[in-house]
Amino acid sequence: MAKEAAVIIRDLRKQFGSIQAVDGVSLEVPGGQIFGLLGPNGAGKTTTLRCLCTLERPDSGSLSVCGVNVLADPRAARQCIGYVAQEVALDKILTGRELLQLQADIYHLPSSLARTRIDDALELLGLSERAGDRIKTYSGGMMKRLDLAAGLLHDPQVLILDEPTVGLDIQSRLNVWAFLRELTKRGITVLLTSHYLEEIDMLATRVAIIDRGRVIAEGTPEDLKKQVGGERVTLRIREFSPVEEAKQAADTLRVLPFVKEVIINEAQGNALYLVVAAPDPLETVPAMRAALKQVGLPIFGVAQSRPSLDDVFLAATGQTLQDADMAASSAPSKKKKK
């Protein structure tokens, strides 16, 4: 039986000028699990979280967290939410312990309770030995862990994280992953955004993929990958194929009985992304090579793989998550809300 939803979002909409940042997002986040929001920059992930955390007022829709109506009672909602933004904004003159004490004072925690929670948070995140050092001497990974500690100090039921590992080295990322898994064992619900495919795949019990302010897919990572189905083949006619050749190759390959779908990815030099389902996957490439040879087309490169969350995004949008990120960063409206 599914756990009761800790977060419920219904038909959320938010516009900034002419930009529709969030366009009808609806989600239910089960309690005590890690729920991931995956999508490119500019997809609406951060705006959704900021509305949930009472930092932005939505244009329409409803939000509840831990049974509290966020719009009707934002003060009560904030009591059960811990929020850690993507950008680490810490006063580097303070020591780690002083910053956490300041956070405890903001939440009006009694001094004895604050002292206990600060010690627990420092221990949980491996910062006890450096608690008396100024934050300016911390590494980027340590600052991120201190930021997480601050978000947990008032004992929230729901921890909301916006890109919690962006910019961190591999070891720091692994440490944060282990920490988040530990939180769910304590019954805390974690809602996080990321555009790191492996992060969501490794951590999230459920995931929603967001693009252009809309949820385009939702489910467990495994279920989403199964829905796409088949093996993946990435094929290049040339390193940078003319679009006419790519279209000719796509038409040629579509008639093969084991080819279920062909997508031409213009952002990747008109590479072909294929979904194939064959009794013997080892036979697919020789058969494709023979078919292309008959129409005078070569194969510059080919790779096979199992379905990934990026394939889910590709099937829904016609481009990979990386391509969508690149398009968002180069678009004239790149300052739009994430």
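Keep in mind the model is a prediction, meaning the values are calculated, not measured.
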Open item on the list: Run the side chain to side chain contact (heavy atoms under 4.5 Å, CB included) test on L100 and R97 for me, step by step, so that the C-alpha distance in whole Å, both residues' side-chain angles and the decisive distance to 0.1 Å come before the verdict.
Closed with: CA-CA 5 Å; L100 294 182; R97 185 176 293 278; 5.8 Å; no
Open item on the list: Run K260 and E231 through salt bridge (charged side-chain N to carboxylate O under 4.0 Å, His left out) and show every step you take.
Closed with: CA-CA 10 Å; K260 304 305 179 185; E231 297 279 331; over 6 Å; no
Open item on the list: side chain to side chain contact (heavy atoms under 4.5 Å, CB included), that's the test. Do M142 and L127 meet it? Break it down for me.
Closed with: CA-CA 8 Å; M142 291 177 65; L127 293 170; 4.0 Å; yes
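Remark: R173 qualifies as a cation-pi partner of Y196 under the 6.0 Å distance and 45° angle criteria applied to the six-membered ring.
Using a distance-only test at 3.5 Å, with no hydrogens or angles considered, no donor-acceptor pair links the side chain of T234 to the main chain of Y273. With K92 contributing its side chain and R134 its backbone, the two residues share no donor-acceptor pair below 3.5 Å. Not a single donor-acceptor pair under 3.5 Å links the side chain of H154 to the backbone N or O of C80.
Side-chain contact check for M288 versus F258: some heavy-atom pair is nearer than 4.5 Å. With contacts defined as side-chain heavy-atom distances shorter than 4.5 Å, the pair V7/E28 does not qualify. Side chains of P40 and F313 form a contact here, defined as non-hydrogen atoms less than 4.5 Å apart. A 4.5 Å side-chain heavy-atom check between I209 and D211 finds every atom pair outside the cut-off. Looking at heavy atoms from C-beta onward, L146 lies out of side-chain contact with L125 at the 4.5 angstrom threshold. At a threshold of 4.5 Å between non-hydrogen side-chain atoms, the residues F179 and R145 do not count as touching. The side-chain heavy atoms of L148 and L161, taken from C-beta on, include a pair separated by under 4.5 Å.
Heavy-atom neighbours of E123 CD from other residues, nucleotides or ligands within 6.0 Å: at or below the threshold of 12.
Taking each heavy atom of L49 and L191 in turn, the nearest pair found is CD2-CD2, 3.7 Å. When all heavy atoms of Q15 and D59 are compared, the closest pair comes out as N-OD2, 2.6 Å. Across R181 and M202, no two heavy atoms sit closer than the pair NH2-O, 3.6 Å. Scanning all heavy atoms of the two residues, the minimum distance from V312 to L224 falls at CG2-O, 3.5 Å. Pairing each heavy atom of L99 with each of A150, the nearest pair is CD2-CB, 4.2 Å.
Using a cut-off of 4.0 Å between Lys/Arg side-chain N and Asp/Glu carboxylate O, E261 and R232 are scored as not salt-bridged.
In this structure D73 satisfies the side chain to side chain donor-acceptor pair (under 3.5 Å) test with no other residue, sequence neighbours excluded.
Using modelled atom types, one finds a donor on one side chain and an acceptor on the other under 3.5 Å when comparing D311 with S308. For D11 and S26, the side-chain atoms include no donor-acceptor pair closer than 3.5 Å.
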If you look only at distance, which donor and acceptor atoms sit under 3.5 Å apart when one is on a side chain in residues 215-223 and the other is two or more places apart or in another chain?
unit_1	atom_1	unit_2	atom_2	d
T220	OG1	D223	N	3.0
T220	OG1	D223	OD2	3.2
E222	OE2	K225	NZ	3.1

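For the atom pair OG1 of T284 and CG of L274, the computed distance is 9.0 Å after rounding to the nearest 0.5 Å. With values rounded to the nearest 0.5 angstrom, C51 atom SG is found 8.5 Å from L71 atom CG.
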